[in-house]
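Computed from a prediction, not measured in an experiment: that's the story for all the values here. We're numbering straight along the sequence, starting at 1.
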Amino acid sequence: MNYKTIGNSDLKSSVIGLGTWAIGDNFWGNYDENESIRAIQAGIDNGINLIDTAPAYGEGRSEELVGKAIKGYRDKVIVATKIGCLQVGEDYILSLKPESICKEIENTLSRLDIDCIDLYQIHWPDESTPLEDSLGMLKKLQEQGKFRYLGVSNFTKDLIEQASGIMDIVSLQPRYSLIEREIEQELLPYCVSKNISVLSYGSLGAGILSGKYHDNTKLSKGDRRKEFYPYFEGEMFERIQQLLVTLKEIAAKYEKPVAHIAINWVWAHEGVCALVGARNEKQAKQNADAGSWKLSQEDMNMIEAAYTRAFASYKPSADTLAPKSE
């Protein structure tokens, strides 16, 4: 496994992190609790030390499963979770009010059954609450030893600059993959220049970059990824299939899964670690292996040329779940 230091911290993260939305929430289809715990532990056993979760994943269920899974592994993992977005039924509610932050962090520590969070991330901006008020409370909680380092997720460059003037920000968690590259225009160069690590989510494009989805593929009952990603139908789907031809060629050359090529492409970028979900032990082990070898520059050039051919005349614009301010 390759490792990178997260921003201006002493956290040395595996270049592959385990994202746990799909193993604590039926949003992506049904999950099995014991299988989910085994998946997390298999990831750790194979070199993954960054475990990313959030209260919004299954109304806290993901945090509970992570807490169970890391028993006996606490000194081997970086526990990354989030603040400011809660799932209430079908809705996602934003609140970064100081009193809400105080309540949330105690609930999170209880669910994870730990004393201190390694990386605490603001999940989404809350336009109804002044950022300085939220950060003022977070700074107090950091000083109290509730968490070690602060990161942000889904922030713009301007918001990161504003936050950085109040507290040290060590990481940004944006959506980033071979088929969703908007952060390359401004955010990624900015983060590199400021030594702010990027922890990408959606690194496999909801799985479509694994190469296993075809015209006749049906998502499992309850799987709502079409609501979150526009990759599974229409023109976007066809263009991704064109790109996958090259990914499959490179995968065959190395005798690796196609998913490795897409994941490897993400973390090959300076300052970037790739968060990838896994539902079972097999997937966790396979994802971890993607961090043990690197694409060559020739491979990267081939992928870029294939991307240009497939998407030169197309500007993908993915819809996102829009949390509501409290």
Side-chain angles (χ1 to χ4, degrees), residues 1-24 36-54 57 62-63 65-67 69-82 112 114 116-121 147-149 151 153 170-178 188 191-192 195-204 209-210 254 256-257 259-295:
M1 177 66 70
N2 286 279
Y3 295 86
K4 296 181 181 181
T5 300
I6 296 179
N8 185 29
S9 78
D10 63 358
L11 302 175
K12 193 173 182 180
S13 170
S14 51
V15 294
I16 310 297
L18 180 59
T20 63
W21 189 357
I23 59 179
S36 298
I37 291 172
R38 289 195 296 270
I40 295 169
Q41 293 175 341
I44 298 169
D45 289 338
N46 285 272
I48 292 176
N49 72 348
L50 175 62
I51 313 296
D52 182 78
T53 184
Y57 301 165
S62 176
E63 287 185 327
L65 290 177
V66 169
I70 64 174
K71 295 292 185 186
Y73 288 94
R74 182 65 186 99
D75 61 341
K76 297 181 180 180
V77 296
I78 296 169
V79 176
T81 189
K82 304 179 185 75
L112 289 167
I114 60 177
C116 179
I117 299 159
D118 298 308
L119 179 62
Y120 208 27
Q121 303 158 100
F147 70 94
R148 297 186 63 203
Y149 298 102
S153 179
V170 301
S171 65
L172 167 69
Q173 190 173 143
R175 192 149 64 180
Y176 184 46
S177 72
L178 185 51
L188 184 54
C191 287
V192 169
N195 193 26
I196 296 172
S197 290
V198 169
L199 312 178
S200 68
Y201 71 88
S203 307
L204 270 177
L209 290 173
S210 68
Y254 289 105
K256 297 289 186 181
H260 273 205
I261 311 306
I263 297 170
N264 207 312
W265 180 90
V266 171
W267 75 259
H269 290 79
E270 184 180 357
V272 181
C273 294
L275 295 174
V276 190
R279 289 182 175 274
N280 53 53
E281 292 178 80
K282 181 180 178 180
Q283 290 178 356
K285 292 176 182 177
Q286 179 176 299
N287 292 343
D289 188 47
S292 67
W293 66 283
K294 300 178 74 171
L295 292 167

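Of the listed residues (Val272, Ile196, Leu172), just one forms a side chain to side chain contact (heavy atoms under 4.5 Å, CB included) with Leu188, and that residue is Val272. Each of Trp293, Trp265, Tyr254 was compared with His260 under the side chain to side chain donor-acceptor pair (under 3.5 Å) criterion, and only Trp293 meets it.
Counting heavy atoms from C-beta outward, Ser62 and Leu65 have side chains that stay 4.5 Å or more apart. Looking at heavy atoms from C-beta onward, Ile51 lies in side-chain contact with Ile44 at the 4.5 angstrom threshold. Residues Gln121 and Asp52 are in side-chain contact: their nearest non-hydrogen atoms beyond the backbone lie under 4.5 Å apart. Side-chain contact between Val198 and His269: absent, with no pair of heavy atoms (C-beta onward) separated by less than 4.5 Å. With contacts defined as side-chain heavy-atom distances shorter than 4.5 Å, the pair Lys12/Asn49 does not qualify.
Between the Glu63 side chain and the Leu112 main chain, no donor and acceptor come within less than 3.5 Å of each other. Although no hydrogens or angles enter the test, the distance criterion places a donor-acceptor pair under 3.5 Å between the side chain of Ser203 and the main chain of Leu275.
Atom-to-atom distance recorded for Ile23:CD1 and Arg38:CZ is 11.5 Å, nearest 0.5 angstrom. Rounded to the nearest 0.5 angstrom, Asn46 CG and Ser292 OG are separated by 9.5 Å. Going from atom CD of Gln173 over to atom OG of Ser200 covers 8.0 Å, rounded to the nearest 0.5 Å. One distance of note links OG1 of Thr53 with CD1 of Ile117; it measures 10.5 Å at 0.5 Å rounding. Atoms OG and CG, on Ser210 and Leu204 in that order, are 6.5 Å from each other to the nearest 0.5 Å. Atom CD of Glu270 and atom OG of Ser197 lie 10.0 Å apart (nearest 0.5 Å).
Asn264 and Leu295 get closest at one heavy-atom pair: OD1-N, 3.3 Å. Closest heavy-atom contact between Ala259 and Gln286: CB-NE2, 4.1 Å. Looking at every heavy atom in both residues, Leu119 comes nearest to Gly151 through CD1-N, 3.9 Å. Here the shortest heavy-atom pairing between Tyr57 and Lys82 reads OH-NZ, 3.2 Å. When all heavy atoms of Ile48 and Ser14 are compared, the pair lying nearest together is CA-OG, 3.5 Å. Of all heavy-atom pairs between Lys294 and Trp267, the closest is CG-CH2, 3.2 Å.
Taking the charged nitrogens against the carboxylate oxygens, Asp118 and Arg74 do have a contact shorter than 4.0 Å, which makes a salt bridge. We find that Asp45 and Lys285 are not joined by a salt bridge, their nearest charged nitrogen and carboxylate oxygen being 4.0 Å or further apart.
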Could you give me the CA-CA distance, side-chain angles and deciding distance for Cys116 and Arg148, then say whether side-chain contact (heavy atoms from CB on, under 4.5 Å) is met?
CA-CA 7 Å; Cys116 179; Arg148 297 186 63 203; 3.5 Å; yes
Could you walk me through whether Ile114 and Ile70 satisfy the side-chain contact (heavy atoms from CB on, under 4.5 Å) test, starting with their C-alpha distance in whole Å, then the side-chain angles of each, then the deciding distance to 0.1 Å, before giving a yes or no?
CA-CA 10 Å; Ile114 60 177; Ile70 64 174; 4.1 Å; yes
How far apart are the C-alpha atoms of Leu50 and Leu199, what are their side-chain angles, what is the distance that settles it, and do they pass the side-chain contact (heavy atoms from CB on, under 4.5 Å) test?
CA-CA 10 Å; Leu50 175 62; Leu199 312 178; 4.2 Å; yes
From CA spacing to verdict: side-chain hydrogen bond (donor to acceptor under 3.5 Å, both in side chains), Tyr149, Asn8
CA-CA 9 Å; Tyr149 298 102; Asn8 185 29; over 6 Å; no
Assess whether side-chain contact (heavy atoms from CB on, under 4.5 Å) is satisfied between Tyr3 and Val15, documenting all intermediate values.
CA-CA 5 Å; Tyr3 295 86; Val15 294; 5.7 Å; no
